[in-house]
Amino acid sequence: MSVRLTYEDGTIRVDAPEGAVDSLPPLPGVEADPRTGNGRAPAHRYAAIRRALSVAGLHVEDRVLDLPALDLSTAYDLREYQREALDAWRDADDRGVLELPTGAGKTVIAIEAMVELGTPTLVVVPTIDLLEQWATELEAEFDVPIGRFGGGTQRQEAITVSTYDSAYLKAEDVGDAFGLVVFDEVHHLGGEGYRDIARLLAAPARLGLTATFERPDDAHEVVAELVGDRAYSVDVDDLAGEHLAPYDVRRIEVELTPAERERYDAKQSTFVEYVREAGITFTNGSDYQELVKRSGNDPRAREALLAKSAARDIMMNAERKIERLASILDRHREDRIIVFTAHTDLVYRLSERFLLPAITAETGAEERREILSRFRDGTYGRVVAANVLDEGVDVPDANVAVVLSGSGSEREFTQRLGRILRPKDDGGRAILYELVSAETAEERVADRRR
DNA sequence: TTGACTCAACATCCTTTGCTACAA
DNA sequence: TTGTAGGTTTCCATGTTGAGTCA
């Protein structure tokens, strides 16, 4: 008996002769389609279905992928840990996630994987900036045209780079055109909508790259199912000193002013009292969602949330943080500094007071390029940014970071730290200052991200 | 082609506790 | 008496991004 596999709009269609689908061994993800009398599975099950059919000793007429072999080569020589990472991925049947810190050379590993597999490849990235970086790198490395989905162009080639958004729109149409898919910053794939990208593609080989695989909402489990488990992981501290700059993190506690303290305590207790009365325990992650839900029709819940938000503003934008920043800027006159905040308002205030070039979400692409280019060539020695420079932008090297405020996200912290870890010519140490308001919830927030 | 706009998607947002109605 | 479930269609606010539309 011969089983036929076909790709159809993001699914794998399974046909057996005489409608003998019922007599097939159980196949991963395949369900009977009562209308057509055949079996059907989401496309990402393709590799597993092939394996199951092969184990069962059935003959397969495979019409899913019909891909040309690519003859690629690269001049790159992998470092030892890069080689180990790639080998681990290959040992896991060309599936899985590599967890490496920013600056460890994830792109190089992906390029080597493409050379070894020699199959059409789709690279999926979160931003247009990254799309350009990857495309430029691949064009320089391989002597083939590189396609682009995103940023206004939709051109498909054997090797194509796409944004997550465009990949989401195109996956159904191109799901049978690639043998390998590389997800850069693969933690994004845990997003409710984005995970469909991986479901609709038939590509048997899947490589995920990230500096922080785990997600607070546990969606990395979904990512592991779609791309493969974490195959290799190396920590910043394993590379610091050799391939990355050695670094120090200095936490500086700052007192609230009496006026700030009074307002903070009032707002915080409004929140805490409501939480206590409502019996919300925050024992699991969804409790906060529960509170948000309530605030839709319970005015007191809404008031509590607004109070919490006001308290957060006070502790994150505390006056004395700005004073401490002044002395840090003074001490590091000769250094290259990036100042990070959580609020755009504060970015503009700091920009005005210390004459720092500012970048926020409101900064246009052209102006942003200009600022970063001047930071790169040394015209500017310091910049202040909101959450913009956290990921997906090629930020010139700095050696001092000042985190004035941030979330409890481990990912955000890792990315900000990564901004100062490119090895220094003089072998110098990088420093990250973390300003935290004493005796506020910010102490917990700061603990959580480390 | 560009620039300004809107829209949708995604991420973060968190604390020290214990109710109430109903079915079996 | 004991065990269990308890919104249905999420979504307080802020920040960031990519895609699409229109002039």
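All chains are named by letter (A, B, ...) in the order of the sequence lines, taking the proteins before the strands, and each is independently numbered beginning at 1. Keep in mind that the numbers below use all heavy atoms, side chains included, and drop hydrogens, waters and symmetry copies. All figures in this text were calculated on a predicted structure; none of them were measured in a lab.
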Identify each atom pair where a protein N or O and an N or O of nucleotides 2-7 of chain C are less than 3.5 Å apart, giving names and distance.
unit_1, atom_1, unit_2, atom_2, d
dG7(C), O6, Asn297(A), ND2, 2.9

dA11(B) and dT8(C), which share atom name P, separated by this distance in whole Å: 25 Å
N-O pairing of Glu442(A) and Lys321(A) below 4.0 Å: yes
Touch class at under 4.0 angstrom, heavy-atom based, for Arg368(A) against every strand present: sugar-phosphate
Member of Met316(A), Met315(A), Arg251(A) meeting the side-chain contact (heavy atoms from CB on, under 4.5 Å) criterion with Val436(A): Arg251(A)
Pairs where residues 309-346 of chain A contributes a residue and the test ring pair (Phe, Tyr, Trp, His ring centres under 6.0 Å) is met, not counting sequence neighbours: His332(A)-Tyr433(A)
Salt bridge Lys308(A)-Glu273(A), side-chain N to carboxylate O under 4.0 Å: no
Using a cut-off of under 3.5 Å, enumerate the N/O to N/O pairs linking the protein to nucleotides 19-22 of chain C.
unit_1, atom_1, unit_2, atom_2, d
dA19(C), OP1, Thr163(A), OG1, 2.7
dA19(C), OP1, Ser166(A), OG, 2.4
dA19(C), OP2, Gly151(A), N, 2.9

Between dC10(B) (P) and Glu185(A) (CD): distance, integer Å: 16 Å
Arg90(A) and Glu116(A) ion-paired at < 4.0 Å: yes
Nearest-Å distance once atom P is located in both dC13(B) and dG15(C): 14 Å
Residues from residues 259-278 of chain A lying under 4.0 Å of DNA chain C - heavy atoms: none
Interface with DNA chain C, restricted to residues 341-356 of chain A and to heavy atoms under 4.0 Å: Ala342(A), His343(A), Thr344(A)
From CD1 (Ile431(A)) to CD1 (Ile420(A)), nearest 0.5 Å: 8.0 Å
B/S/- contact track for nucleotides 2-7 of chain B, protein heavy atom under 4.0 Å: ------
Side-chain donor-acceptor pair present, Arg411(A), Thr212(A), cut-off under 3.5 Å: yes
Span that lies between the C1' atom of dT17(B) and that of dT10(C), in whole angstrom: 25 Å
Lys/Arg-Asp/Glu bridge criterion (N-O < 4.0 Å) met for Arg263(A), Glu260(A): no
Value in whole Å for how far the P atom of dC11(C) lies from CG of Leu291(A): 13 Å
For atom CG of Leu305(A) and atom P of dT15(B), their distance in whole Å: 11 Å
Between dT17(C) (C1') and Asp184(A) (CG): distance, integer Å: 16 Å
ring-ring contact (aromatic ring centres under 6.0 Å, His included) partners of Tyr247(A), counting only residues at least two apart: none
Gln289(A) side chain, from C-beta outward: closest of dC13(B), dG18(C), dT16(C): dC13(B)
Residues Glu8(A), Arg13(A): salt bridge by 4.0 Å N-O rule: yes
Carboxylate-amine/guanidinium proximity below 4.0 Å for Arg349(A) and Asp345(A): no
Min side-chain heavy-atom separation Val249(A)-Glu434(A) under 4.5 Å: yes
Nucleotide of dC14(B), dT12(B), dT16(C) approaching Arg448(A) most closely (side-chain heavy atoms): dC14(B)
Whole-Å distance separating the CD1 atom of Ile280(A) from the P atom of dC14(B): 13 Å
dG18(B): syn or anti, per glycosidic angle within 90° of 0: anti
Position toward the 5' end of DNA chain C (nearest nucleotide), Gly296(A) or Thr360(A): Gly296(A)
Qualifying residues under side chain to side chain contact (heavy atoms under 4.5 Å, CB included), relative to Arg95(A), sequence neighbours excluded: Arg206(A)
Thr11(A)-Arg40(A) side chain donor-acceptor pair, cut-off 3.5 Å: yes
Pairs where residues 110-168 of chain A contributes a residue and the test ring pair (Phe, Tyr, Trp, His ring centres under 6.0 Å) is met, not counting sequence neighbours: Tyr164(A)-His188(A), Tyr164(A)-Tyr194(A)
Contact nearer the 5' end of DNA chain C, comparing Val292(A) with Ile359(A): Val292(A)
Listed partners of Arg333(A) passing salt bridge (Lys or Arg N to Asp or Glu O under 4.0 Å), at least two apart: Asp330(A)
Protein-nucleotide distance (Arg411(A), atom CZ; dC10(B), atom C1'), rounded to Å: 12 Å
Rounded distance in Å between the C1' positions of dC11(C) and dA8(B): 14 Å
Those residues of residues 186-198 of chain A lying under 4.0 Å from DNA chain B by at least one heavy atom: Gly191(A), Glu192(A), Gly193(A), Tyr194(A)
Flag, side chain of Thr160(A) to backbone of Gln156(A), donor-acceptor distance under 3.5 Å: no
Nearest to side-chain heavy atoms of Ser407(A), which nucleotide of dT16(C), dC13(B), dA11(B): dC13(B)
Arg300(A)/Asp298(A) salt bridge by N-O under 4.0 Å criterion: no
Among Arg422(A), Lys424(A), Arg419(A), the one residue meeting side-chain contact (heavy atoms from CB on, under 4.5 Å) with Asn399(A): Lys424(A)
Of Ala441(A) and Asp217(A), the one whose closest DNA chain B nucleotide lies more 5': Asp217(A)
Whole-Å gap separating P (dA13(C)) and CG (Leu306(A)): 6 Å
Residue Val388(A), side-chain heavy atoms: nucleotide from dC12(C), dT16(C), dT12(B) that is nearest: dT16(C)
From CG (Asp176(A)) to CG (Asp173(A)), nearest 0.5 Å: 9.5 Å
Distance, rounded to the nearest Å, where Arg312(A) contributes CZ and dG15(C) contributes P: 11 Å
Donor-acceptor contact below 3.5 Å, side chain Thr121(A) vs main chain Val181(A): no
Interatomic distance, His243(A) atom NE2 to Asp238(A) atom CG [nearest 0.5 angstrom]: 10.5 Å
Watson-Crick or G-U counterpart of dG15(C), or none if no pair lies under 3.5 Å: dC10(B)
Can you give me the N/O atom pairs linking the protein to nucleotides 20-22 of chain B at distances under 3.5 Å, or say none if there are none?
none

Carboxylate-amine/guanidinium contact Glu157(A) Arg148(A), below 4.0 Å: no
